[in-house]
4 protein chains.
Amino acid sequence: MAISAARNGEGERDAPRTPPPVVSRTGPRRSESARLAVLRAADDLLVERGFDGVTVEGIAARAGVSKQTIYRWWKSKVDILLDTIADDAPEALAWEGGRGTPEEELKAQLRRVADFLASPPGQVLQALLGHAQLDERTARRLREGFVREQRERDLAGLRAVLARHAGAELDRETGSEVEAATAERLLDALLGPLYHQVLVQGQVPGPEFTDAVAEWVLELASR
Amino acid sequence: MAISAARNGEGERDAPRTPPPVVSRTGPRRSESARLAVLRAADDLLVERGFDGVTVEGIAARAGVSKQTIYRWWKSKVDILLDTIADDAPEALAWEGGRGTPEEELKAQLRRVADFLASPPGQVLQALLGHAQLDERTARRLREGFVREQRERDLAGLRAVLARHAGAELDRETGSEVEAATAERLLDALLGPLYHQVLVQGQVPGPEFTDAVAEWVLELASR
Amino acid sequence: MAISAARNGEGERDAPRTPPPVVSRTGPRRSESARLAVLRAADDLLVERGFDGVTVEGIAARAGVSKQTIYRWWKSKVDILLDTIADDAPEALAWEGGRGTPEEELKAQLRRVADFLASPPGQVLQALLGHAQLDERTARRLREGFVREQRERDLAGLRAVLARHAGAELDRETGSEVEAATAERLLDALLGPLYHQVLVQGQVPGPEFTDAVAEWVLELASR
Amino acid sequence: MAISAARNGEGERDAPRTPPPVVSRTGPRRSESARLAVLRAADDLLVERGFDGVTVEGIAARAGVSKQTIYRWWKSKVDILLDTIADDAPEALAWEGGRGTPEEELKAQLRRVADFLASPPGQVLQALLGHAQLDERTARRLREGFVREQRERDLAGLRAVLARHAGAELDRETGSEVEAATAERLLDALLGPLYHQVLVQGQVPGPEFTDAVAEWVLELASR
DNA sequence: AGCTAAACGAGACGGTACGTCTGGTCTTCTT
DNA sequence: AAGAAGACCAGACGTACCGTCTCGTTTAGCT
């Protein structure tokens, strides 16, 4: 729900970010096939050769597109990679509300995040998170864009689950809604260990890890 | 304790990893002042201009040293940065056992980690963790070196604290020693949220955050 | 006289060289204002910024015309410049027969050539002659077009002057008409030093230079 | 004679024009083989593909040298071409004093110039003269360098021939030395027609042309 | 008064070369 | 032998124009 709303709000967002042309204009429109070929090529190169193996020239060559076409629409290879996750990540990381018990849902969601991080788009995200440590501009764009949006989706999803969880546990009490600051910290408790494993230890943990973390978070949520 | 032992074992480790020259030799020895100037210059440049602003040529220029001298002793700028944290991090991240209650000690330790991450050597570590996402070689060297060693120190420290905590809570029970796998997960629960804040959200959280996390970990440890 | 004939024959020559449309047609005709704006812009740019400063895009921008409009009517910027001199040069370089003595006429003509070379259209010619050294296609078009035609006009003009000169000198002799090959060489003797000064030495010589050359040519013509 | 003197004065001139290093310096010296490979490649490319076919990248590729090495020593491809003629032209255009009669010597010299212009280095000169019409910087460098120096050599050579010619004609008269300004103009009369043919008409004339011009110049020199 | 075809503006696109930058390696001289 | 100096190959960077190619819009003449 939150997701489809979000999708509505950003449907064309990966297309040129210029505001809709107020005056009618003439001439050819941006080539959608070129755009997709570039995103595809960047993604492939990153998985195949790693971040340093992604070069604008390499993308251009593999996408069958000229360098200038890339520079017309993107400022850097980082911009391109940001677009690829903007295309792929939101649906892969969407909360699927209301399937099974809260515990089941939370475990499923955390597994989904782990699976995503292991997938090609997830590798792109890892690389961008890495580059964000090295480059302030990348950091800002990533955090003000994807990270912030995803965090909002995650907060909404988590709070929904916790509300159901609290309701099921004691449906007579009043304090149904989780306090905002608490939800933030519980989200960190949920995602932190996973990202720590991935970014610091360099491995995507399996279900036994994510399931245990999910259980802990529910325990902590119950005080 | 564990730390000073580690220090003994790695005293010159940041110097060239070649085994000590067995046969006597002639000619000038490696210039220690050059080595320090290089490490210093690399650190300064990273803080001032960020990772991309650190170049071997730039380090050479600022350290008043020739490029070849750097390449003679280090393979890359990453090697240099690895050396700088090997010098600084272990003591900054050492567990100071037995001061106050277990809870106080755990909170203090987590604050110490946060403070370290905000300090110049911590920025170097952040940058290296970032670069490790982009470069397999860096990832291996960092994780097989500093990350592994620090994790061992952290595990030992955490288990000591938990033992004290368990003992204080119920000193009649048998299960004093925390199970290894559980300690690993509790360590992730302790450090994960902090690293997540730093690496993903891009901000070093304050004491209210780290204290809350430390409390949760103790809660979880008590089942 | 010969000139006006030539002008008749090439009046629209700078317009598209396509044969007149046999079938009747509809739609707008070529915009004369666009054509003039382009020629004007090209000329201005060449004088202001030199040959390399003349770009098709620059011409289009300054003329307020689209690139495609230029490429519809000209194949290259060289084509445009060729058109500008085809418009201007023939009259500026015309021989004005029968004013004063042969010597006066010859001197006046050579001064006129020098003046032309110093004028904006003359700079265009210099640039085209320069470019002809670098580009075979330009060389052919320039030499088969303007250069050949101008040479014919010059030969005719010179022979007329020499005929008058010979007649005045010894009007009893038979050999009035100058032999064709000789006239060619005398023309080279007349123009060569001037062009040499301009193209090799890089300066347009003054009247004392051109007058002396003209005198010499008359001397040589008298054997 | 004048030539060998000139050669002495410019022996290393094509090497880096920086003054001899006053302070002793260390490190590798400029690679002479790279320098020669570059000059050679530029010359070849010009003859094979024309001026526009000469690109810095193409030269680098053919010479087996990196672009940076070229840009370290030359500012542009024009600089490289200037060096190639500085290497080749002076000897090809040297006056060989005192062989045969003045007339024979003058004819031989003019033929030599024509032959040079038809040779590969002569094509380079043509191209540079062409480019000098298009680019002020090239013009200055060419004229202040090679053109000026060659003109001095030519003036000396011509004056020597004319002196012999005047002496042979009337060895009792006083006015042996030709006046400077006159020599300049006679040189223009000698070279002008040839360069005019080459640069404007686009063809290198044969001996019948150059011989006739040489004869005329001697005639004019005799008043 | 339409109809229709050309001319035109705007500008996206694949290319090619530019001149700059840094990375690592290697060579030469000095200490 | 270590070190300073710096030449060298390699290759990506981001820019500038090129000449070609759609697109819609505007404008004449012809029905």
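These values consider heavy atoms only, across backbone and side chains, with no hydrogens, waters or symmetry-generated copies.
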Checklist outcome for this item: B:R40 meets the side chain to side chain donor-acceptor pair (under 3.5 Å) criterion, sequence neighbours left out, with B:D44
Checklist entry - What nucleotide among F:dA5, F:dG19, E:dC13 has an atom nearest to a side-chain atom of A:R30? => result E:dC13
Only distances under 3.5 Å count here; give the side-chain donor-acceptor pairs of residues 128-135 of chain D to other protein atoms, sequence neighbours excluded, each with its distance to 0.1 Å.
from	atom 1	to	atom 2	distance (Å)
D:H131	ND1	D:T138	OG1	3.0
D:Q133	NE2	C:L199	O	2.8
D:Q133	NE2	D:L129	O	2.9
D:D135	OD2	D:R137	N	3.4
D:D135	OD2	D:T138	N	2.8
D:D135	OD2	D:T138	OG1	2.8

Next on the checklist: For a quick check, tell me whether the side chain of A:K67 and the base of F:dG14 share a donor-acceptor pair closer than 3.5 Å.
Outcome noted: yes
Checklist outcome for this item: Across all chains, not counting sequence neighbours, the side chain to side chain donor-acceptor pair (under 3.5 Å) partners of A:E48 are A:R62
Next on the checklist: Of the options E:dT27, F:dA4, E:dA7, whose atoms approach the side-chain atoms of C:W73 most closely?
Outcome noted: E:dA7
Next on the checklist: Taking atom types as they are modelled, would you say the side chain of B:T69 forms a donor-acceptor pair with the base of F:dG3 within the 3.5 Å cutoff?
Outcome noted: no
Item to check | side chain to side chain donor-acceptor pair (under 3.5 Å) against A:S76, all qualifying residues, sequence neighbours excluded | outcome: none
Item to check | Residue C:Q68, side-chain heavy atoms: nucleotide from E:dA17, E:dC8, F:dT20 that is nearest | outcome: F:dT20
Checklist entry - Pairs in or reaching into residues 49-60 of chain B: which pass side chain to side chain donor-acceptor pair (under 3.5 Å), with residues at least two apart or in two chains? => result B:E57-B:K67
Item to check | Given E:dC13, F:dG29, E:dC18, the nucleotide with the shortest approach to the side chain of C:R29 | outcome: F:dG29
Item to check | Contacting residues from residues 54-63 of chain D, given that a heavy atom lies under 4.0 angstrom of DNA chain E | outcome: D:T55, D:V56, D:E57
